[in-house]
Student: 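Submitted below is the structure of interest, expressed as structure tokens.
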Amino acid sequence: MAQHLKFIVTDPVGLYATPTTELVNTVRQFHCHVTLKYGAKEVNLKSMMGVLSLGVPTKATLEIITDGEDEKRAMEIIIKTLNELNIAHIE
């Protein structure tokens with residue numbers, strides 16, 4: 001069953017290249033599908049260009065969905081990474 005995580009971007013610059021690179025590199029190690037939703041748009045969180053194409057500003061509400069064989073572990077590591085990067089408030 002898919003895992004869902006909603007969070008608000010707190011970094012004043014939004015979701016910019018440096019934390020996006022770390023997040024994308026983190027999720028690439030997992031076999032499950034990892035989707036990032038922003039408004040009506042969805043991208044593969046394993047795609048740097050896909051994530052940056054969203055142009056996510058500060059205070060934006062996002063959702064991450066993991067779905068597949070290692071979805072729970074992926075979500076645990078995503079939460080840990082978001083906390084370490086200090087760019088988001090997890091709801």
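Please read these numbers as outputs of a predicted model, since none were measured by experiment.
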Student: Would you list the pairs meeting salt bridge (Lys or Arg N to Asp or Glu O under 4.0 Å) in which at least one residue belongs to residues 79-91, sequence neighbours left out?
Tutor: K80-E84
Student: Can you list the residues that meet the side chain to side chain donor-acceptor pair (under 3.5 Å) rule with E63, with sequence neighbours excluded?
Tutor: H4
Student: Any heavy-atom pair between the side chains of D67 and C32 that's under 4.5 Å?
Tutor: no
Student: Contact between V13 and I87 at the side-chain level, heavy atoms closer than 4.5 Å - yes or no?
Tutor: no
Student: Scan residues 47-57 for pairs that pass salt bridge (Lys or Arg N to Asp or Glu O under 4.0 Å), counting only residues two or more places apart or in two chains.
Tutor: none
Student: Tell me every residue that passes side chain to side chain donor-acceptor pair (under 3.5 Å) with H33, counting only those two or more places apart in sequence or in another chain.
Tutor: none
Student: Quick check: closest heavy atoms across M75 and L5, and the distance to 0.1 Å?
Tutor: SD-CB, 3.6 Å
Student: Taking side-chain contact (heavy atoms from CB on, under 4.5 Å) as the definition, give me every residue that meets it alongside T58, ordered by chain and number, with sequence neighbours left out.
Tutor: none
Student: Which pair of heavy atoms, one from V43 and one from S53, lies closest together, and at what distance?
Tutor: CG1-OG, 4.4 Å
Student: In the hydrophobic clustering that connects Ile, Leu, Val, Met, Phe, Trp and Tyr at side-chain heavy-atom distances below 4.5 Å, which members other than F30 occupy its cluster, ordered by chain and number?
Tutor: I77
Student: Which atom names give the shortest non-hydrogen contact between I90 and F7, and what distance separates them?
Tutor: CA-CB, 3.9 Å
Student: For a quick test of reading the model, state the closest non-hydrogen atom pair linking A88 to T10 and the distance between them.
Tutor: N-OG1, 3.2 Å
Student: What pairs with R28 under side chain to side chain donor-acceptor pair (under 3.5 Å), at least two apart in sequence or on another chain?
Tutor: none
Student: Using side-chain heavy atoms (C-beta onward) and a distance below 4.5 Å, is Y16 in contact with T18?
Tutor: yes
Student: Would you list the pairs meeting salt bridge (Lys or Arg N to Asp or Glu O under 4.0 Å) in which at least one residue belongs to residues 36-61, sequence neighbours left out?
Tutor: K37-E42
Student: Is there a side-chain contact between I65 and L45, using heavy atoms and a 4.5 Å cut-off?
Tutor: no
Student: Members other than I8 in its cluster, when Ile, Leu, Val, Met, Phe, Trp, Tyr link by side-chain heavy atoms under 4.5 Å?
Tutor: none
Student: Enumerate the salt bridge (Lys or Arg N to Asp or Glu O under 4.0 Å) contacts for residues 8-24, please, sequence neighbours excluded, ordered by first and then second residue.
Tutor: none
Student: Within the 4.5 Å heavy-atom criterion, are I78 and V27 side-chain neighbours or not?
Tutor: yes
Student: Tell me the closest heavy-atom pair linking T20 and M48, and the distance in Å.
Tutor: CG2-SD, 3.5 Å
Student: Could you report the tightest heavy-atom contact between T66 and A74, atom names first, then the distance?
Tutor: CG2-CB, 4.1 Å
Student: Taking transitive links into account, so neighbours of neighbours count too, which hydrophobic residues share a cluster with M49 at under 4.5 Å side-chain distance?
Tutor: none
Student: Kindly write out the residues that satisfy side chain to side chain donor-acceptor pair (under 3.5 Å) with E76, not counting sequence neighbours, or none if the list is empty.
Tutor: R73
Student: Report yes if some heavy atom in the side chain of I64 is under 4.5 Å from a heavy atom in the side chain of T35; otherwise report no.
Tutor: no
